[in-house]
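Working notes for the structure below.
Computation of the quantities below employed the complete heavy-atom set of this structure, encompassing side-chain atoms and omitting hydrogens, waters and symmetry-equivalent molecules.
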Amino acid sequence: MDMMSIAATSIVMQQQQVQQAVGVSLMRKVMDQQEMQAAAVVESLQQAIPSTVPGSHMDILA
């Protein structure tokens with residue numbers, strides 16, 4: 001293996017690591033956003049049903 005192919009392999013590996021880091025970061029942001037949206041949906045559902053109605057409690061942990 002000559003020096004050029006070693007350098008090229010190193011560059012490709014670095015690029016793959018950067019792409020993976022960007023992908024993980026993007027997925028974390030998407031998951032955080034989905035978590036916030038789910039919490040908003042649960043909150044709006046809880047507010048939509050008056051608590052004085054029998055059977056109006058929703059088990060969100062099930």
Gap between atom CD of Q34 and atom CE of M31 - 0.5 Å precision: 8.0 Å

Side chain T9, main chain S5, donor-acceptor under 3.5 Å: yes

Crowding at CD, Q20 (>12 non-hydrogen neighbours, <6.0 Å): no

